[in-house]
Amino acid sequence: MFKLAVLPGDGTGPEVVREALKVLKKVAQLEKIEYSTREFDYGGDRYLKGGEIINDAQIDELRAYNAILLGAIGHPDVKPGILEKGLLLRLRFTLDQYINLRPVVLYPGVDTPLKDKGPADINFDVVRENTEDLYCGNGGILRKGTQQEVATQEMIATRFGAERCLRYAFDFCRRKKESGEGKGMLTLVHKTNVLTFCGDLWFRAFEEIGEKDYPDIKRDYNHVDACCMWFVKNPEFYDTIVVPNMFGDIITDLGAIIQGGMGIAAGGNINPDKGGVSMYEPIGGSAPKYTGMNIINPLAAVGALAMLLQNSGFKKAGDRVVAAIKATTPKMKSMAAGKMGYSTSEVGDLVCEAL
Ligand code: IPM
Ligand code: MG
């Protein structure tokens, strides 16, 4: 029995998760998957009522599940940073979800802001390191509030952290090549011309591991600023990208917008180790202003469900959900909330019908 923990979270999170679960019910019937779900109410409302966001015992409880589906984190009445750090980043770090996998795929019929680019051009994957870098929160403020104030925030790169992420990315790229979905090129994105310590560590690890264990994979390197330019000018150039956490955060928002926006972009926080628990999420925020209106696009959450299935031993079911998304997008007017030509629940129904 596949056990799924569901964290609908804040704002429009519950609405999009509801649609993803509707799709799960349908695909599970078709593919004869036995599963159970349990909902947890972690998020802004619970925090505002009781003070605690999530504690270690509660995180341990989540380890008993095969996967986690997350809606959205972020509440208009909670200061920015508190829930992000206290829940989203806390889960990523504590469950050691060291891979943040973000496919950048333009589905048929979806508008991209890029001129003269279509689904054949926008189809690559970003493997973002998810547990190190500026996200470690090392640093502090000295003489706060005075004219002599000093603030530091350290970029952390470890050989261990870089290596496990690089190996995942090389393996991922190889699997894509072998299944005919990729050209077998892995691009490391960093800023080695300025970040001469962290960048150097990543670059050497990339070269050593690639040369020794992945001679069949072509190695490519871009500085992060140039990478932003190429995302816009020649996205078709990319196959698989591997990138440290902070730069990965930035380029994946750019990736999301060229694939049609936050309504469609999904990601997975993956712990690929044996017994690891991974968490899948639509990468857009909680969109508080649309809450409860049934107008938000649920396809990012449905895409997150597809990734969850694909990575949890139900590849065929996951592929089936992706195919159903591809059959649904051409029917929609837009990927943006309120402009889809359908309500949130109608889009969920369309995906179910397409299944
Ligand atoms: C993301 C988000 C998070 C991040 C925020 C909400 C902490 O932007 O998942 O990309 O920076 O990783
Ligand atoms: Mg981000």
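First listed ligand is number 1; within each ligand, the first listed atom is number 1.
The name of the N, O or S atom in D249 nearest to the Mg ion (ligand 2) is OD1.
For ligand 1, the polar-atom distance check finds no N/O of N100 at less than 3.5 Å from any of the ligand's N/O atoms. At least one N or O atom of Y135, backbone or side chain, sits closer than 3.5 Å to an N or O atom of ligand 1. In terms of polar-atom proximity, defined here as any N/O pair under 3.5 Å, T252 makes no such contact with ligand 1.
Seen from the ring of F237, K183 counts as a face-on cation partner, given the 6.0 Å and 45° thresholds. Judged by the 6.0 Å and 45° rule, R164 forms no cation-pi pair with F170. For the pair K3 and Y65, the cation-pi test (distance below 6.0 Å, angle within 45°) is passed.
Of all protein heavy atoms, the one lying nearest to atom 2 (C) of ligand 1 is D249 OD1, 3.9 Å. Here the heavy atom of the protein found nearest to atom 1 (C) of ligand 1 is R102 NH2, 3.3 Å. Closest protein heavy atom to atom 6 (C) of ligand 1: E84 CG, 3.6 Å.
Of all the heavy atoms of R128, the ones lying under 4.0 Å from any atom of ligand 1 belong exclusively to the side chain.
Under the 4.0 angstrom criterion for non-hydrogen atoms, M246 is not in contact with ligand 1. Ligand 1 lies out of reach of K85, whose nearest heavy atom is not under 4.0 Å from it.
Side-chain contact check for Y221 and T192: at least one donor-acceptor pair (N or O, by modelled atom type) lies under 3.5 Å.
Shown are K176, R219, K218; of these, the salt bridge (Lys or Arg N to Asp or Glu O under 4.0 Å) with D239 is made only by K176. Applying the side-chain hydrogen bond (donor to acceptor under 3.5 Å, both in side chains) test between Y238 and each of N123, N222, T187 identifies N222 as the sole match. Of the listed residues (E281, R128, Q97), just one forms a side-chain hydrogen bond (donor to acceptor under 3.5 Å, both in side chains) with N269, and that residue is E281.
Numbered from 1 in the order shown, with element, the atoms of ligand 1 that lie under 4.0 Å from a heavy atom of R92 read 1 (C), 4 (C), 9 (O), 12 (O).
Using a cutoff of 4.0 Å between basic side-chain nitrogens and carboxylate oxygens, K316 and D319 are not scored as salt-bridged.
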